[in-house]
Each structure stands twice: as C-alpha cells, then as structure tokens.
Amino acid sequence: MKDRKVVCRCEDLTEEEIIHAIELGYDDLESLKRFTGATTGPCQGKGCLMHIIRILSQKTGKSVDEIGVTTQRQPVNPVPLYILAAKKGDEK
Amino acid sequence: MIRVAIVGGGIAGLSAAYFLARKGADVSVFEQKYLLYGASGRNSGGLTAQFVNEPLIKLALRSLELYDRIQTETGFNFLLRKDGYIKIADEKNEDALKNEVDFQKKAGVNVRIVDPDFVRNLFPDINTQTFTAAAYFADGGVVFPWPVIWGLAKGCRELGVKIYDYTPVRVEVKGNEVLGVRADSELHKADYVINAAGAWSNEISRQAGIELGNRVFREEICVTESLKPYLDPYILDVSTGVYISQSMRGEIVGGILGKEAEEVSVKSSLDFLTAYARRVTELVPKLRGMSILRQWAGAYDVGRNGMPVIGTTKVKGFIQLNGFGRNGMSLALAAGEGVAELVLKGKSRIVQPFNP
C-alpha cells in the first residue's frame, strides 16, 4: 500500500490509474480529465491539476506549455444557491 | 470497400462510424478538438421519447434500445439508468402538455399524465406548488454522456475505425461529387463524407457548396457539490425551461433550455447562474444551501424547420447528420444507425423523414 500515490483526493485517483488512462490513449489533458474525472471533484483541480500535468508530461514527453491547462470554470470557490438567487445577473 | 469520412467526433458521428464499421466499411472520423467537445460532452444526459412528431419518437425509442445493445457489445458501462423522465407544467402550460401526451400515447410511447403528488412520491423535496400537472415517461432516464462517447470510440477502434482528434478538415468537392476531406495538406479520399459537426455543421456544409441554414444555440448547465443519491428521474419544467437530475456521482446537474445565438459559443454567464438559482430554489427549496461547484455551456444546432437534418444532398456522396438540437443523446444513436443503412443500402426508413 505504501506505493499507492494518490494524486486526486476527490475522485480517489492514483498515479497508476492516471498512467493507465494515458496508455489507453487519453493522452491530452482535456480527454484525460474527462476519462478519469480528475479536476472535476469538489476541489475543481486545485489539488490535482499540477500532478496530472506532471504525469502527462513525464509520460508523453510534451512540455508543460504544450499540455496547457484545462478551462477554468466559474465559480472559483463553491457558492451556495441562496446567495446566487439573491444576486442580479451580469447584464442588469 | 466503401470509404467514409465523418466530420465530427460526437455521438452522431461516432454512432454512424460504429454502425458503418460493423458492416465492413472503411471509416475515418475527424474531430477538430477532442471527442465530445461541442455538445455530446456538455449536456445533462436526459433520455426521453416525449417528442411531438412520430419520426422523432421512432428515433428516440430505437435509440433507447441501442443504448442497451451498444453497452453490451462494446463492454463499456454508460452509467445509464432508466428511472423515468418527467415534464412538469404550470396551469398555463398544462393543456399543451396533456395534448402532447395524448399524441405520444398513440405513437406508442409509455407516457402518462400524473398529478403533483405522484411526482412528490418519486422526489419528496419537490415543491408541488410550482406545477399543476406532469407527464411521466417511465422508460426514459439519465445517461452520463462522457462514457457513451468513450464506449462508442472504443467500439469503433476495435472495428478498425481511424479516429483523428485535434484534426480540423475541409471538405473537398470536384464537380458535383465529394472527393474526401483535407486535413493539413493530406487528402483523405472518401466515397461519402458525413457532416456530423453539430454546431459547426453550417460551416462544413458550406465547404461542400450547400447552404444548410441550421440555427445555432447555446445552453448553460451547472452542478452542485455531491449528495447521496436521492433524485432518480430527470425533471424538466416546461414552464420555465429549468431542468434537474442527479448524476451517478451525486451532483445535482441542472440547466435552462438553450437560446439561439449569433455565433457558436461555449462561454458561461453569471446571468444564467442567478436565473437558475432563483428558479431551482423555488422548485426544490431544500437545495438553497447547496453550493454550485462548476458551470459550463454547450453549443448545438437545430435544423431550419426545427427537425434534425439527415440524408443525401445535391452533392453526390455528401450526407447531412446534424440539427439534433438539445436532444442528440436521445436521438443520435438511431440516426447514426439509419445513416449507415442509407450509405450501404441506398435507403433507410427511420431517417427518411429528415431528408434535407
């Protein structure tokens, strides 16, 4: 068990599982994210994105710049619905 | 061997590729971004056959059968659950919903009108003051769109389909016949080119010299943090356009029916989030304290007359397979199967009504 390297706590993903997905052919960041679920859990990538990029870079030989980052989605931090319901939108 | 080039790596293009390859065609799929980019990876996965004309209902019922079959054939779990699809309506929209259900029943859809209490039995947190009637389609449900695409792609690859992602192409036509598609400088020759480019279909069609005129829409969705599974069916409020369901990961996935857009866009807005928050907290007051984790948008196209566009065109070998609107997940598997039949046998009954 000491070899189990967890890279995404939200989705409980290990380094080995990320590597397995890359070997299956999900070797670009957007596809890898969706296939493994990494960056889509409660932390929204804050804890795992850099690990995923590192592993992808090590496995494919692509530079971090070439790999890029996933689209950053609002909100930056989770916002409760009752707060949003009280706010006006961006056009008003 | 018939060579087919498919433009678009979403559910429509991959379904056509899958069924063509099963019958021995030589198929290549070209996707400008990554598989599922435009709409197939951005929707809420609602599956229904509650449509207002028979050809659409036939596509939807056939697609529901195909989901079961393709999961087995490809050995891939689509995380599909048939826990029902419910449309709810207020007093103003109640009559229209009832008329729709009468028609659907005659067309063989297992749908019925139920009262708000029936819906509350399925989902105790719903506010029954917000609607007066509901249409319950027991065979509908929710699918996770991503594994549908991964599974189709896996099935395609095992059948020898070549899938090129991050590969934009141009359709090449000579005289009145397709030559194939050009990616970078390389021409991939094909007897048939299938335009399954979703929101980008107008542009691809124009390359073949055909004005398609599909309307482009943008639709926004968001998810909350995860809850224990407790919302089984998919619920669409036809009065406000708000819909919600719960994913297998526990998130409440919700959105508002899309709006026509000037251009293809997948930008998110705060306007959506605030409008959604107001409506969904009326519908399900207990969600008030739940947090939104993430929002996004998808782009899709709707045929000129509001119907999908499927079939041959005046350019020999150029085939349309687009315009599914927000119902691609419900319709496109059967449409892909139909197009495969059209290419290999010259005609297909199920897609014939959608001939451009």
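To find a chain, count down the sequence lines: A is the first, B the second, and so on, and within it residues start at 1. Only this structure's heavy atoms are used, side chains among them; waters, hydrogens and symmetry mates stay out.
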**Asked** Among B:R249, B:E225, B:E282, which residue forms the greatest number of heavy-atom pairs with chain A at distances under 4.5 Å?
**Response** B:R249
**Complete:** When the 4.5 angstrom heavy-atom criterion is applied to B:Q295 and chain A, the contacting part is both
**Item:** Contact origin within A:T40 toward chain B - heavy atom pairs under 4.5 Å
**Value:** both
**Message:** If I measure from the heavy atoms of chain A, does B:R279 come under 4.5 Å with its side chain, its backbone, both, or neither?
**Reply:** neither
**Request:** Check whether B:E251 gets within reach of chain A through its side chain, its backbone, both or neither, counting any heavy atom under 4.5 Å.
**Result:** side chain
**Request:** Check whether B:V280 gets within reach of chain A through its side chain, its backbone, both or neither, counting any heavy atom under 4.5 Å.
**Result:** side chain
**Prompt:** What part of B:I149 lies closer than 4.5 angstrom to a heavy atom of chain A: side chain, backbone, both or neither?
**Reply:** neither
**Complete:** When the 4.5 angstrom heavy-atom criterion is applied to B:Y276 and chain A, the contacting part is side chain
**Request:** Report the option among A:Q74, A:E30, A:R34 that has the most heavy-atom pairs separated by less than 4.5 Å from atoms of chain B.
**Result:** A:R34
**Item:** Test: A:E11 and A:K33 ion pair at under 4.0 Å
**Value:** no
**Prompt:** Do the non-hydrogen side-chain atoms of B:W296 and A:T71 ever get within less than 4.5 Å of each other?
**Reply:** no
**Request:** Name the option with the most non-hydrogen atom pairs under 4.5 Å to chain B; the candidates are A:G25, A:G37, A:P42, A:P75.
**Result:** A:P75
**Prompt:** Do B:R218's NZ or CZ and the ring of B:F272 fall within the cation-pi criteria of under 6.0 Å and 45°?
**Reply:** no
**Asked** Do B:R81 and B:F144 meet the cation-pi criteria used here (NZ or CZ under 6.0 Å from the six-membered ring centre, within 45° of the axis)?
**Response** no
**Asked** Taking the inter-plane angle between the rings of B:W150 and A:Y26 on a 0 to 90° scale, is it parallel (under 30°), tilted (30 to 60°) or perpendicular (over 60°)?
**Response** perpendicular
**For A:I22, the option from A:T36, A:L56, A:I52 that meets side-chain contact (heavy atoms from CB on, under 4.5 Å)** = A:L56
**Request:** Give me the ring orientation class for B:Y164 and B:F30: parallel if the planes are under 30° apart, tilted from 30 to 60°, perpendicular past 60°.
**Result:** parallel
